[in-house]
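A short write-up of the structure that comes next.
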Amino acid sequence: MSNSAEEEWVKKWESLRIFEAEVDRSKNKVFVTFPIPYMNGPLHLGHAFTASRVDSYAKFKKLHGFNVLFPQGWHWTGQPIVSAADRLAKGDETMVKEFREIDKVPEDILEKFKDPVFMARYYTDRNRQAMKKLGLGIDWRREFNTTSYDPRFSSFIEWQFLTLREKGYITKGSHPVVWCPRDKSPVGDHDRLQGEGVYPVEFRLIFFKLKGEDSYLVASTLRPETIFGVTNVWVGPDLTYVKAKINGKIWIVGKSAVERLKDQLFEVEVVSEIQGKDLVGKEVLAPLINKEVPVLPANFIDPEIGTAVVYSVPAHAPYDYLALRDLQKIGYEGAKGLKPISIIRVEGYGDYPAVEEVEKLKIKDQNDQKADLATKNIYSAEFRKGVLKENCGEFAGLSVNAARKLVYEKLEEIGLASTMWELPEPVICRCTARCHVKILQDQWFLKYSDEEWKEKARECVRAMNIFPEEARQWFLDVIDWLNDYPCARQSGLGTPLPWDKNWLVETLSDSTVYMAYYTIAHRLKKYRPEQLRKELYDYVFFGKGEPSDVSSLTGIPEDELEAMRDEFLYWYPVDLRVSAKELVPNHLTFFIFHHVALFEKKFWPKAIGVNGMLRVEGEKMSKSKGNVITIEDGIKEFGADALRIALLSSSEYMDDANFKKEYARSIKERIERLIQDIRQDISSSSEADLSSYDIWLINNASKVSKDIEQNMEKMNVKISVTQAFFIMENAYREYKKYVNGKLNLSVIKDFVKYWSIMLAPFVPFTAEEIYRIVGEKSSVFLEAWPSKIPYDEIVDVEIELVNRLVGDIKEVLKLIKSKPTKLTVFVVDKGEAEKISEGNAEKDKINRFMKLKVSMPDLIKGYVGKVDEKEIYIKHIEYIKRQAGIHVEVKNVSEAGPDEMQRAKNALPFKPALVFK
RNA sequence: GCGGGGGUCGCCUAGCCAGGUCAAUGGCGCUGCCCUGAGGCGGCAGUCCCGUUGGGGUACGUGGGUUCAAAUCCCACCCCCCGCACCA
């Protein structure tokens, strides 16, 4: 179908207000939602995939007489739109290129993109068009965007957060983040040049008192339990260290650690600087074991990690062993006599795992990259299976895992340990600065760690329908795992926190209960934002207060307030929300948390659908790969309906979907051919008496209709599309073959009309087109789903038997080499069939028949001996002849001549014998 | 590492929850024939191996097990994908 024909239908739906949802208490309602997409670019096929699934369900429900609400809003909250605008303003070439070439933004528009709000508005307009063209049945009157540029929506977010705070779900606290010291902001994964997936971990700081001095060399480690194997302490001879007063002690740490310690709320007062080489040679006291060990030089130390002081455990740490070996190789005096001390027993290694690994991997020295791998191997083996040896005092016999915690606690107790956050691997910001960990203070958190809150969320998940079922456990796991979440930011777009206007409600937090806002969004548009006070929402959502009071407070008429309350009570809860699986651990779970926090149980979400991620030609879509296909382009190339089928039938459950252009193209052609064929068939056929084939055709529609009903209830859209489109098409083609082109007009009209309705949820435009061909004038969406199409099983049995016979004939014809001109089909005599099926015949025959029966479909199994097989074949003799391509006659076995009997006697019920001549 | 999902006949994909109707669905590709001036489109047939009467053999990541019977259930292993928090 052409794009312009599709657009005509969009206009028609709008003029008929087909998808505008009004409260109607005579009908049951269904409220479905698709997450608001972020407006920093055009929507792509990933969005189209999920949105089409939602839409199919909505339309399916509508055809079942439900009053359906499917609204849509836009997400503007957050940093990326602002960042993109900034980069554009600075003339960032790759950014310009992306906007021009991938997003296809016209030049005159692009110039204005340095204004982020302009950009968001522009994409919102474009994407609304794209969604309309895709045929989504959205009630556009209820649209909004999520920032202060939509002040009505902002008033709703203010209500939400004030209410959450009142209920005790918001707290203030501090939190470690990956921090860029140059940008002075947290650095997420996507903002990094290097170090993706690196997160803060806790490094233990261990204090080694300098002999004869009142200061401590502070070593950092991930493995405090190894203190029992310490042989020396390493410093970088060329690095600069400082003496600093921290928490009442004098610490000696790398100079570059000072800023990091300060960012982690340590009060640092630098006293003096000291060179690493001046520390070398001193003696320090290892805590807990009270052993004097020397300070030695090493060059593997990264001054940007930890304190630039490392204590040495050469038995279990490859770098330590290598550094020691390097010193001993050059005959370094201070390293003489130092030997690894084995303290951990671990399966797969002897006493000195570090030595073994170094030798196995043939590591040259401490500058060899392979030492990293050796370290990882030992770390992981010892963590999982290691046990502390007898030389570890009271910790002997403990697992490494347990000892790590206990040793640290003991050290902390005696005041000789502390903790700092650190990045285990370098992280480089996009601005090229090296990042470190900063503890942010005075952050606002959503208390997802709250056990009572979690329990309510679990209760909601347990009661909900979740499609597919596998996703349920995932939600429960996420709820367990979830911790307090910082819900406000200081940059980007959004709604200011009502009680602390320096902060903006962040993007995953302001998109959790907006579905409630949809119910009244169109009514709020009549009022000024300042009228939309907390009391209004309290009344609409909680029924709190009197309409008269709220009316005098807000200036909104009482009847209008009641109408809003009515909308909410009618539409809520959300009956289905669908998204891709990437949103399970965040957005969808937050959606649950906020609902159970704010609303009473009857308004908790009813169902969530989760689908896989969409790939294009087997690859993940990304701007850098340049393989992003926008909805606009997809529609232009394939048409909305072909695009929808290609997407909807690309995956089921949580499997990743794969979009292939070639496939979409073939669907486009099929749709066009289908419409053409139907048009032609209807104009060229005429009325006739009802035949078995006619009934068979309608039977197919009947079965498909029921199958789709069952599958759509479980959000199994792929199989439903297959049924509605492919199975129906195949049945139709098969029918034409049976009747040899002589279609029965009223039968195909019925069939096609049923078909148009069954297609409507999936390919709305095609459905309308076909619906029109059978002579209907308005819209297929005003029809009712054909739930009660008659079904005649005996006809299906007939056709199945005929098909089995035809299949056998073809198989034999393929095998025999002679060219027969005539076929006689010998059918078991009627009484005989019953006897065999009752087990009253020759043993061999019964055995063969039992085997045959196992391989029979249930459909025909029950009819053995109960239908007149011979009569059936005679009835369909024309079709059988056509398929066989030779003359065919049907006889009973008892009618076989002597020359035929040898084969004829092999006939079984539902398996006639074939004699070719 | 932790959690979730997967591995099916050249490629993609159905079936697995409720074991027999499974040599296994559909599409693409490929082969032959028809249509066409030719090509595309379309139609028909075929596409694991063997087989002159509808049969047999081998197959559903690998290796075991349960069962009269396993792609389907159980166990172990290998491999792939997706999340893992200040990011939408």
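Numbered from 1 within each chain, the chains take letters A, B, ... in sequence-line order. Every value quoted in this text rests on a predicted model; they were computed, and no experiment measured them.
One can place CG of Asp656(A) at 14 Å from C1' of C12(B), the figure rounded to the nearest angstrom. Straight-line distance from the CG atom of Leu813(A) to the P atom of G55(B): 15 Å, rounded to whole Å. Between the CD atom of Glu619(A) and the C1' atom of C82(B) there is a distance of 16 Å, given to the nearest Å. Atom CD in Glu811(A) sits about 10 Å away from atom P in G46(B), given to the nearest Å. Taking atom CD on Glu382(A) and atom P on G1(B), their separation rounds to 17 Å, with Å as the unit. Rounding to whole angstrom units, CD1 of residue Ile645(A) and C1' of G26(B) are separated by 13 Å. Between Glu672(A) atom CD and G40(B) atom P the separation is 19 Å, expressed in whole Å. Straight-line distance from the CD atom of Glu669(A) to the C1' atom of C28(B): 13 Å, rounded to whole Å.
Closest to the side chain of Thr507(A), from the set U13(B), A88(B), G3(B), is A88(B). Of the candidates G54(B), G4(B), C44(B), the closest approach to any side-chain atom of Arg733(A) belongs to C44(B). In the set G54(B), G5(B), A88(B), the nucleotide with an atom closest to the side chain of Asp655(A) is G5(B). Listed nucleotides G54(B), C81(B), G27(B) differ in distance to Leu914(A); the shortest reach to its side chain belongs to G54(B). Listed nucleotides C87(B), G15(B), C11(B) differ in distance to Lys660(A); the shortest reach to its side chain belongs to C11(B). Looking at the side chain of Gln79(A), the nearest of the listed nucleotides G54(B), G3(B), A88(B) is A88(B). Considering only side-chain atoms of Lys911(A), the nucleotide from U53(B), G27(B), G54(B) that sits closest is G54(B).
Aromatic ring centres of Tyr863(A) and Phe910(A): separated by at least 6.0 Å. Residues Phe659(A) and Phe49(A) place their aromatic rings such that the two centres sit no closer than 6.0 Å. Aromatic rings from Tyr485(A) and Phe445(A) are positioned such that their centres are separated by 6.0 Å or more.
Within 4.0 Å (heavy atoms only), Arg903(A) reaches at least one base atom of the nucleic acid. Among the atoms of the strands shown, only primed sugar atoms or phosphate atoms (P, OP1, OP2) are found under 4.0 Å from some heavy atom of Val187(A). Residue Asn40(A) is classed as having no contact, given no heavy-atom separation below 4.0 Å to the nucleic acid. Using a 4.0 Å heavy-atom criterion, one finds that Arg670(A) contacts the sugar-phosphate atoms exclusively. Residue contacts shown for Asn586(A) include a base, since a base heavy atom lies under 4.0 Å away. Across all strands, Leu440(A) comes closer than 4.0 Å to no nucleic acid atom at all (heavy-atom distances). Nucleic acid contact class of Pro912(A) (heavy atoms, under 4.0 Å, all strands): base. Here Ala913(A) lies in heavy-atom contact (under 4.0 Å) with a base. Within 4.0 Å of Arg615(A), counting heavy atoms only, lie sugar-phosphate atoms of the nucleic acid but no base atom. Counting non-hydrogen atoms under 4.0 angstrom, Tyr663(A) reaches the backbone sugars and phosphates but no base. Looking at heavy-atom distances under 4.0 Å, Ser511(A) makes no contact with the nucleic acid at all. As judged by a 4.0 angstrom heavy-atom cut-off over every strand, Glu470(A) is placed among residues touching the sugar-phosphate backbone only.
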Could you check Arg670(A) against Glu672(A) for salt bridge (Lys or Arg N to Asp or Glu O under 4.0 Å), going step by step and ending with a plain yes or no? CA-CA 5 Å; Arg670(A) 262 173 106 150; Glu672(A) 277 160 9; over 6 Å; no
Salt bridge (Lys or Arg N to Asp or Glu O under 4.0 Å) between Asp681(A) and Lys736(A): does it pass, once the steps are laid out? CA-CA 10 Å; Asp681(A) 292 342; Lys736(A) 291 199 214 174; 2.8 Å; yes
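Annotation: side-chain hydrogen bond (donor to acceptor under 3.5 Å, both in side chains) contacts involving residues 905-917 of chain A, sequence neighbours excluded, comprise Asp808(A)-Lys911(A), Glu900(A)-Lys917(A).
In RNA chain B, consecutive stretches of 3 or more Watson-Crick or G-U wobble pairs with both distances under 3.5 Å are given as paired ranges: B:1-7 with B:78-84, B:10-12 with B:26-28, B:29-34 with B:42-47, B:48-50 with B:55-57, B:61-65 with B:73-77.
C81(B) and G27(B) are spaced 23 Å apart, taking the C1' atom of each and rounding to whole Å. With C1' as the reference atom, A71(B) and U21(B) are 15 Å apart, rounded to whole Å. Rounded to whole Å, the separation between the C1' atoms of C44(B) and U67(B) comes to 44 Å. Nucleotides G61(B) and G15(B) have their P atoms positioned 15 Å apart, rounded to a whole Å. As rounded to the nearest Å, C41(B) and C28(B) have P atoms that lie 10 Å from one another. Rounded to a whole angstrom, the distance from the C1' atom of U47(B) to that of G39(B) is 24 Å. When the P atom is compared between G4(B) and C74(B), the two are found 15 Å apart, to the nearest whole Å.
Of the side-chain N and O atoms in Lys718(A), one or more sit less than 4.0 angstrom from OP1 or OP2 of A14(B). Phosphate contact (OP1/OP2 of C41(B), side-chain N/O of Arg673(A), threshold under 4.0 Å): absent. Contact between the side-chain N/O atoms of Tyr653(A) and the OP1/OP2 oxygens of G4(B) is not found at any separation under 4.0 Å.
Counting heavy atoms of neighbouring residues, nucleotides and ligands inside a 6.0 Å radius, atom NZ of Lys661(A) does not exceed 12 of them.
Relative ring orientation between Tyr735(A) and Tyr732(A) is described as parallel, the plane-to-plane angle staying below 30° on a 0-90° scale split at 30° and 60°.
Scanning all heavy atoms of the two residues, the minimum distance from Pro200(A) to Val177(A) falls at CG-C, 4.5 Å.
Between Leu823(A) and Ile880(A), every side-chain heavy-atom pair lies at or beyond the 4.5 Å cut-off.
Under the side chain to side chain donor-acceptor pair (under 3.5 Å) rule, Thr77(A) has a single partner from Thr147(A), Thr507(A), Asp510(A), which is Asp510(A).
Mapping Lys620(A) and Cys487(A) onto RNA chain B via the closest heavy atom, the residue that lands nearer the 5' end is Lys620(A).
On a pure distance criterion of 3.5 Å, a polar donor-acceptor pair joins the side chain of Asp808(A) and the base of G54(B).
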